[in-house]
There are 2 protein chains.
Amino acid sequence: MPSRLIVSRELADLLKLLAHPDRLRMIEELRLGEKDVTGIAEALALPATRVSQHLAQLRAQRLVEERRDGRSHFYRLAHPQLAAWIVDALQFVDIRNRLDEGEHIDSVRALWSAQAPNTSH
Amino acid sequence: MPSRLIVSRELADLLKLLAHPDRLRMIEELRLGEKDVTGIAEALALPATRVSQHLAQLRAQRLVEERRDGRSHFYRLAHPQLAAWIVDALQFVDIRNRLDEGEHIDSVRALWSAQAPNTSH
DNA sequence: CCCTAATCTGCAACAATTCGCAGGTTTGCA
DNA sequence: TGCAAACCTGCGAATTGTTGCAGATTAGGG
C-alpha cells in the first residue's frame with residue numbers, strides 16, 4: 001500500500017510547480033479574474049515567452065484554464081482559492097533577517113494581495 | 001518598491017523547501033509530536049543520513065526546532081499548523097489519471113493524515 | 001581514555017529546472 | 001494571399017537540487 005508515497009509525490013510535484021517567484025506572481029495576478037498572456041507579461045514586467053512557458057506548466061497540472069478569443073489566450077485560476085492558500089503560507093516564512101527590518105508580516109500580507117500598482121490602463 | 005518581488009521569492013523558497021516527497025512525509029511524521037532522527041528514518045524507511053540532510057534544510061528555514069537529549073536529536077514542527085496547511089493542498093492536485101482510478105480525494109486525505117502503519121513499536 | 005551510537009557535514013556525480021532564442025502555429029485583416 | 005500580432009514549442013547552456021559515501025562531531029558507558 002504505497003498510497004502514502006504516491007500522495008507525497010503528487011504533493012511534491014504540485015509544490016514544485018508553485019515554487020517559482022514568477023509563477024507565484026502570475027497566480028496572484030489572476031486572483032481577481034482572467035487575463036491574457038500579454039496582460040500578465042506587462043503587469044509583471046516579464047518577457048511574454050517566459051510567461052507562456054510558465055503558463056504551459058500550470059496548464060499541464062490543471063491549475064489554470066484557458067479561453068481563446070481571437071489571437072488572445074485568456075487564463076484564469078482553475079481553483080480561485082489557490083491564491084488565498086498561498087497567502088496563508090506567509091505565516092511560515094522565517095522573518096528574521098529576511099524582509100527588510102521593521103516590516104511586519106501583516107503589512108507584507110496586505111501588500112502581496114493588494115491591487116498591482118497599475119502599470120498601465 | 002520591490003517588496004512584492006521579495007515576497008514572491010521568499011514564498012518560492014519556502015515552497016521549494018517543501019517540494020520534496022521525503023520532506024513532506026517527514027513533516028507529516030512530526031505532525032503528532034517530536035521524534036528523533038533514527039525514529040523518523042525508520043518510520044519512513046529512509047537512510048538516516050538523508051533524513052539528517054533534509055532536517056538541516058528544514059532547520060535552516062526554521063520550519064523545525066531541535067531538542068537534544070543525550071545522543072538523540074529530537075525534532076518538532078516550529079508551526080504545527082504547517083501539516084494541516086499542506087493537507088489542504090490536496091484539493092489542488094489534479095486527480096485525473098493520477099491516484100489509482102476510483103480513489104477519492106477524501107479517502108486520500110484521510111489516509112495521508114492517518115497514523116503511520118506502525119513499522120515498529 | 002577508548003569504543004560505539006547517533007548525528008552532522010563536505011563533496012562529487014548525477015538529475016532536474018530555468019531561460020533565452022530560434023522557429024512554428026493560429027488568427028485577424030487588408 | 002500576404003503580413004503582422006499573439007502565443008506556443010524545442011532545444012541547449014547555465015544553474016540548482018539530490019544523494020550516497022567518506023570522514024567529522026558529540027555524548028554515553030565501561
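Only a predicted model underlies this, so the values are computations on that prediction, with no experimental measurement involved. In what follows, chains are A, B, ... by sequence order, proteins preceding strands, each numbered from 1.
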(request) Ignoring backbone atoms, test whether Arg50(B) places a side-chain nitrogen or oxygen under 4.0 Å from the OP1 or OP2 oxygen of dG17(D). (result) no
(message) From C-beta outward on Asp22(A), which listed nucleotide comes closest to its side chain: dC8(D), dC19(C), dT19(D)?
(response) dC19(C)
(message) Using a strict threshold of under 4.0 Å (side-chain N to carboxylate O), is an ion pair present between Glu28(B) and Arg25(B)?
(response) no
(message) From NZ of Lys16(A) over to P of dG17(D), roughly how many Å is that when rounded to an integer?
(response) 12 Å
(request) Report the relative orientation of the aromatic rings in His54(B) and His20(B); use parallel for angles under 30°, tilted for 30 to 60°, perpendicular for over 60°. (result) tilted
(message) Please tell me if Arg23(A) has a side-chain N or O lying less than 4.0 Å from either OP1 or OP2 of dT18(C).
(response) yes
(request) Grab the CG-P distance between Asp13(A) and dT17(C) for me, whole Å please. (result) 8 Å
(message) What is the distance, to the nearest angstrom, from the CG atom on Leu46(B) to the C1' atom on dA6(C)?
(response) 17 Å
(message) Without decimals, in angstroms, what is the distance between His20(A) NE2 and dC19(C) P?
(response) 4 Å
(message) Expressed as a whole number of angstroms, how long is the span from Arg9(B):CZ to dT18(C):C1'?
(response) 15 Å
(message) Please pick, from dT9(C), dA6(C), dC8(D), the nucleotide with the shortest atom-to-atom distance to any side-chain atom of Val37(A).
(response) dC8(D)
(request) Identify which nucleotide among dC19(C), dA5(C), dG20(D) has an atom closest to any side-chain atom of Arg71(B), counting heavy atoms from C-beta outward. (result) dA5(C)
(request) Respond yes when some side-chain nitrogen or oxygen of His73(A) is under 4.0 Å from OP1 or OP2 of dC8(D), and no when none is. (result) yes
(message) Expressed as a whole number of angstroms, how long is the span from Arg68(A):CZ to dG28(C):P?
(response) 12 Å
(message) Give me the atom names and distance for the closest heavy-atom approach of Ser8(B) to Leu24(A).
(response) O-CD1, 3.5 Å
(request) Take atom CG of Leu58(A) and atom P of dT9(D), then tell me their distance rounded to the nearest Å. (result) 13 Å
(message) I'd like to check the ring pair (Phe, Tyr, Trp, His ring centres under 6.0 Å) partners of His73(A); sequence neighbours left out, ordered by chain and number.
(response) none
(message) Assuming nearest nucleotide by heavy-atom distance, tell me which of Ser72(B) and Gln53(B) is located more 5' along DNA chain C.
(response) Ser72(B)
(message) Do Leu14(A) and Leu63(A) have side chains that approach each other closer than 4.5 Å (heavy atoms only, starting at C-beta)?
(response) yes
(request) Check every strand shown and say whether Tyr75(B) touches a base, only sugar-phosphate, or nothing at a heavy-atom separation below 4.0 Å. (result) sugar-phosphate
(message) Measure CD/Glu66(A) against P/dT9(D) and give the value in whole Å, please.
(response) 9 Å
(request) Between Leu55(B) and Asp69(A), name the one whose nearest nucleotide on DNA chain C is closer to the 5' end. (result) Leu55(B)
(request) Establish, with yes or no, whether the OP1 or OP2 oxygen of dC8(C) is under 4.0 angstrom from a side-chain nitrogen or oxygen of Ser52(B). (result) yes
